[in-house]
Amino acid sequence: MVDRECIFCKIAAGEIPAATVYEDEDFRVILDLGPATRGHALILPKEHFKDLCELDEKVAARVLPLAGKVGVAMKKALGCSGFNVVQNNGASAGQTVFHFHVHIIPRYEDGPAIVTWDPGKADSQELAEISSLIRSEMSL
Ligand code: 5GP
Ligand code: ZN
């Protein structure tokens, strides 16, 4: 299913142009218009899923191997020494386009610090309480 109002559906379908680095029947991989680093790419499924929670199993099974292949190609083509795989779900998590996508962000030696946080502290009782809360809602 596609959403006629969704910009990433239109880009994935080729209706709006984007710098494409890979395409197959399920995905288009494009360069981000507002890159965090040189070569920042986005994996877009051609089908519309709002976020990770809506993703179907076929797309889910393919997306991480594809991210790895894009990362390998980036290392060879751009000379980055690593890459981050980032995927935001929900506005509070930084999602701004509500069509599931995966960021592949090349990382260069001496490049900017991104995808970082200051580690907090948690004691074992707190961790036990939190893990129990989440475990009670897990259904696989
Ligand atoms: P999010 O914040 O939802 O995880 O990521 C959305 C990303 O899409 C942002 O990094 C933003 O720069 C990128 N983006 C938004 N609109 C367009 C567009 O029209 N074309 C391309 N190539 N990237 C876009
Ligand atoms: Zn869409």
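Each ligand, and each atom within it, is numbered from 1 in the order the structure gives.
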Identity and distance of the protein heavy atom lying nearest [atom]:
| atom | result |
| --- | --- |
| atom 7 (C) of ligand 1 | Asp32 OD2, 3.5 Å |
| atom 3 (O) of ligand 1 | Thr96 N, 2.7 Å |
| atom 22 (N) of ligand 1 | Leu31 O, 2.9 Å |
| atom 5 (O) of ligand 1 | His101 NE2, 3.0 Å |
| atom 16 (N) of ligand 1 | Phe8 CE1, 4.1 Å |

Residues forming a side-chain hydrogen bond (donor to acceptor under 3.5 Å, both in side chains) with Glu25, sequence neighbours excluded:
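Applying side-chain hydrogen bond (donor to acceptor under 3.5 Å, both in side chains) to Glu25 gives none.
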Would Gly94 count as a contact residue for ligand 1, given that I'm defining contact as a non-hydrogen atom of the residue lying under 4.0 Å from a ligand atom?
yes
Could a heavy atom of Ile11 be found less than 4.0 Å from some atom of ligand 1?
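Under 4.0 Å: yes for Ile11.
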Numbered atoms of ligand 1 (with element) below 4.0 Å of [X], judged on heavy atoms:
| X | result |
| --- | --- |
| Ile7 | 19 (O) |
| Gly34 | 12 (O) |
| His103 | 1 (P), 4 (O), 5 (O), 7 (C), 10 (O) |

Under 3.5 Å, side chain of [X] to main-chain N/O of [Y], donor-acceptor pair present?
| X | Y | result |
| --- | --- | --- |
| Arg28 | Ala12 | yes |
| Thr20 | Ala18 | yes |
| Asn84 | Val86 | no |
| Ser131 | Ala128 | yes |
| Glu54 | Lys50 | yes |

Is Asp24 salt-bridged to Arg62, going by a charged N under 4.0 Å from an acidic O?
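Looking at Arg62 together with Asp24, the answer is yes, because their closest N to O distance falls below 4.0 Å.
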Does a salt bridge link Glu5 with Lys10, judged by any charged N lying under 4.0 Å from a carboxylate O?
no
Of the side chain and backbone of Gln87, name the one, both, or neither that has a heavy atom under 4.0 Å from an atom of ligand 1.
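No part of Gln87 comes within reach of ligand 1.
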For Ile16, which part has a heavy atom under 4.0 Å from ligand 1: side chain, backbone, both, or neither?
neither
Heavy-atom nearest neighbour of atom 23 (N) of ligand 1 within options Thr20, Asn88, Ile30, Leu33:
Leu33
For the rings on Phe8 and His101, is their centre-to-centre separation under 6.0 Å?
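Aromatic pair counts; centres sit under 6.0 Å.
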Checking side-chain contact (heavy atoms from CB on, under 4.5 Å) against Val70, which of Ile104, Leu42, Val85 comes through?
Ile104
Fit a plane to each ring of His103 and His40, take the angle between them on a 0 to 90° scale, and name the class: parallel (under 30°), tilted (30 to 60°) or perpendicular (over 60°).
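Because their plane-to-plane angle lies in the 30° to 60° range, the rings of His103 and His40 count as tilted.
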What are the two closest heavy atoms between Phe100 and Val63, and how far apart are they?
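What the structure gives for the nearest pair is CE2-CG2, 4.1 Å.
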Under 2.8 Å from the Zn ion (ligand 2), the protein N, O or S atoms found are Cys6 SG, Cys9 SG, His48 ND1, His99 ND1
